[in-house]
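First up is the structure itself, then whatever we jot down about it.
What you are looking at is a predicted structure, and each value in this text was computed from that prediction instead of being measured. Atoms within each ligand, like the ligands themselves, are counted from 1 in listed order.
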Amino acid sequence: MALKLFNTLTRSLQEFAPSAADANKIGMYCCGPTVYDYAHIGNWRTFVFADLVRRTLEFFGHEVRHVMNITDVEDKIIKRVQEQKVSLREFTGRFEAAFFADLKTLNCLPPHLTPRATEHIPEIIALIEKLIARGVAYRAGDGSVYFSIAKYRGCGCTYGQLQKLNFDELRVGERVAADEYDKEAVADFALWKARVPADGAVFWPSPWGEGRPGWHIECSAMSMKALGESFDLHLGGEDLKFPHHEDEIAQSEGATGKPFVKHWLHAAHLLVEGKKMSKSLGNYFTLRDLLANGFTGREVRFLLLTAHYRETFNFTIEGLHGAKTALARIDECVGKLREVGAPASGPARSSAAVPAQPAGPDAGAPARLVADFSAALADDLNISAAWAAVFEWVRVTNKRLAENSLTAVAAAAALAEWEKVDAVLGVGARAAAEIPAEIEALLEARQAARKAKDFKQSDAIRDELKAKGWVIEDTPKGPKLKRF
Ligand code: AMP
Ligand code: ZN
């Protein structure tokens with residue numbers, strides 16, 4: 001089945017066709033975090049989206065080389081390093097470690113390569129030298145180096161590939177030094193920024209004097225080093241289209257004369273309770289804030305995966321409660337399938353009691369789960385249709401389970417289907433792994449009390465667990481904890 005994705009470069013839905021050189025191998029670069037703070041839930045929408053793209057490509061049989069950089073030197077970082085009077089590495093290391101821990105909590109597959117900008121200064125300098133040699137970059141009086149938009153356009157190159165830009169106001173040689181600026185400020189942008197007192201100890205030597213790289217050149221240097229001068233897929237949040245990605249294209253194509261990236265994918269932004277997230281509005285959440293409020297990484301991942309990536313997503317606490325309920329439905333169904341599909345250890349059924357039948361499409365895949373799910377993803381990652389396929393499968397499977405009409409073989413086949421689908425969704429029933437140690441300890445204490453026939457104590461513990469949001473179900477295989 002052909003996978004179609006919306007390409008920002010062509011503004012159209014396009015069949016995803018990897019470059020001919022190695023038809024099945026895909027180079028995928030996603031702009032990584034700027035490690036100056038804990039990543040917020042908006043950032044996570046973009047990174048979970050990148051994880052969905054990677055897993056989808058793998059689902060469709062591609063071999064993906066997933067690269068995500070760590071932006072560990074840029075304007076905002078330097079400002080905070082100066083304020084906090086710590087070393088650059090000490091400051092960024094803390095947030096980088098937190099980022100990788102959060103990535104794991106959200107069950108995102110780790111990228112194959114996570115290069116740091118500060119470890120690519122020689123590559124960045126070499127790229128800037130190439131741009132100067134090709135006549136599209138120049139050294140300014142203070143020792144900074146700028147990219148010349150006029151020279152670049154003069155070579156027949158297009159600046160404004162991802163977004164239409166208005167050049168009427170642009171005066172030749174007008175410059176912007178900041179890493180972040182908006183469309184109205186289109187101007188020659190900084191590749192290398194000469195050292196100023198506010199940079200403190202953050203500088204490197206270069207052929208143009210001491211200084212540091214601009215943010216945009218970092219991604220051109222790291223992506224081309226990892227994936228070659230031309231590669232298949234580049235991702236990021238929609239705010240990065242301009243100037244960051246536009247500048248990446250200009251720097252890379254200006255240096256190599258080759259097309260930089262074939263497909264550009266951009267995820268729309270996330271709002272919280274309908275508003276732009278901001279600390280002053282009190283609607284700013286990091287993943288850690290949500291975990292501290294009793295939600296799990298799995299619930300957050302589920303919620304972030306419920307909306308189409310090109311639609312603005314409205315994140316709400318109510319939505320997180322809904323995620324909890326939806327996941328419980330999946331868990332219950334998958335849990336029962338496991339019991340039926342593994343009769344040897346199951347309490348009620350056995351393959352002798354229910355004769356095995358061949359797992360035909362009807363028996364094993366009651367709702368054509370994999371087929372419907374693939375068709376949905378192939379349509380520009382139509383996640384709503386993908387979830388509809390999952391919940392239809394849950395409905396039909398539950399019905400069959402209730403009717404006792406699923407054989408062990410059919411249940412095992414249904415589980416295998418679910419696992420294929422969950423290789424993309426990554427929300428699989430991992431309830432046991434998510435039980436906090438404190439809750440496990442209470443369960444053990446209750447078991448001990450029951451064993452000692454201290455029912456008063458065991459009931460008290462049951463109530464305590466209930467107050468913490470957990471119920472105990474006593475099953476023939478022993479007690480099971482469930483969230484409600
Ligand atoms: P940063 O750490 O600021 O460089 O951002 C990391 C990623 O998060 C980038 O791809 C941004 O486009 C993305 N991003 C930032 N804010 C939001 C938001 N509110 N919603 C979705 N993605 C965002
Ligand atoms: Zn980038």
Side-chain angles (χ1 to χ4, degrees), residues 8 28-53 67-77 79-80 92 95-96 98-100 102-103 106 108 111 113-117 120 124 127 162-163 178-180 182 189 191 213-227 231 233-252 260-261 264-279 281 283-287 300 303-305 307-315:
T8 315
M28 166 174 147
Y29 185 91
C30 178
C31 289
T34 304
V35 281
Y36 74 109
D37 208 336
Y38 296 108
H40 58 61
I41 198 68
N43 301 133
W44 287 117
R45 177 184 203 197
T46 294
F47 296 120
V48 169
F49 156 69
D51 185 60
L52 174 70
V53 173
V67 181
M68 184 196 66
N69 73 296
I70 301 291
T71 300
D72 61 349
V73 54
E74 56 79 79
D75 294 350
K76 296 192 291 284
I77 294 178
K79 191 163 173 275
R80 294 209 181 170
T92 59
F95 295 115
E96 185 188 300
F99 177 81
F100 283 114
D102 290 356
L103 198 69
L106 288 170
C108 292
L113 204 65
T114 50
R116 291 188 188 118
H120 288 77
I124 291 168
L127 188 56
L162 297 172
Q163 255 185 21
D179 283 332
E180 291 179 59
D182 60 29
F189 56 90
L191 301 171
W215 170 37
H216 316 300
I217 195 78
E218 297 174 1
C219 277
S220 284
M222 288 185 278
S223 63
M224 290 198 290
K225 182 178 181 207
L227 298 170
F231 58 92
L233 208 52
H234 197 313
L235 282 71
E238 63 182 355
D239 59 314
L240 298 191
K241 277 188 221 169
F242 186 88
H244 186 57
H245 289 163
E246 199 59 55
D247 290 352
E248 269 191 58
I249 296 177
Q251 295 158 156
S252 305
F260 177 43
V261 171
W264 286 87
L265 298 188
H266 290 99
H269 262 200
L270 169 148
L271 301 175
V272 174
E273 311 280 352
K275 296 203 176 76
K276 194 173 167 193
M277 210 178 355
S278 87
K279 285 190 175 156
L281 283 179
N283 66 351
Y284 181 99
F285 295 112
T286 64
L287 177 63
V300 176
L303 183 58
L304 291 176
L305 281 177
H308 191 263
Y309 73 95
R310 286 196 286 127
E311 274 165 21
T312 302
F313 181 57
N314 189 23
F315 185 91

His244 NE2 to Cys219 SG via the Zn ion (ligand 2), rounded to 10°, gives 110°

Check contact between [X] and ligand 1, using heavy atoms of the residue and a distance below 4.0 angstrom.
X	value
Thr71	no
Phe47	yes
His40	yes

Give a yes/no answer: is there an N/O/S atom of His216 under 2.8 Å from the Zn ion (ligand 2)?
no

Contact check: Cys31 to the Zn ion (ligand 2), N/O/S below 2.8 Å:
yes

Separation between [atom1] of [X] and [atom2] of [Y], rounded to the nearest 0.5 Å:
X	Y	atom1	atom2	result
Ile217	Ser252	CD1	OG	7.0 Å
Thr286	Ile41	OG1	CD1	8.0 Å
Trp264	Ile249	CH2	CD1	4.5 Å

For [atom], the protein heavy atom that lies nearest, with its residue and separation:
atom	value
atom 17 (C) of ligand 1	His269 NE2, 3.3 Å
atom 21 (C) of ligand 1	Gly42 O, 2.9 Å
atom 1 (P) of ligand 1	Thr34 OG1, 3.6 Å
atom 14 (N) of ligand 1	Asn43 ND2, 3.6 Å

May I ask you to check whether [X] has an N/O atom sitting below 3.5 Å from an N/O atom of ligand 1?
X	result
Trp215	no
Arg45	no
Ala268	no
Cys31	no
Thr46	yes

Any side-chain donor-acceptor pair under 3.5 Å between Asn314 and Thr312?
no

Pick, from Leu240, Leu271, Asp239, the option with the minimum heavy-atom distance to atom 12 (O) of ligand 1.
Asp239

I want to check something: taking the side chain as every heavy atom from C-beta on, are [X] and [Y] in contact at a cut-off of under 4.5 Å?
X	Y	value
Leu303	Phe313	yes
Trp44	Leu304	yes
Glu248	Val261	no

Any salt bridge linking Lys76 with Asp179? Criterion: basic side-chain nitrogen under 4.0 Å from a carboxylate oxygen.
no

Please could you name the atoms of ligand 1 that [X] approaches to less than 4.0 Å, counting only its heavy atoms?
X	result
Gly237	10 (O), 12 (O)
Leu270	18 (C), 19 (N), 20 (N), 21 (C)
Pro33	2 (O)

Ring centroid separation Tyr38 to Phe99 under 6.0 Å
no

Exactly one of His244, Glu74, His245 should register a side-chain hydrogen bond (donor to acceptor under 3.5 Å, both in side chains) with His216. Which one does?
His244

Heavy-atom nearest pair, Thr71 first then Gly32, reads OG1-O, 4.4 Å

What orientation do Phe260 and Phe231 show, parallel under 30°, tilted 30 to 60°, or perpendicular over 60°?
perpendicular

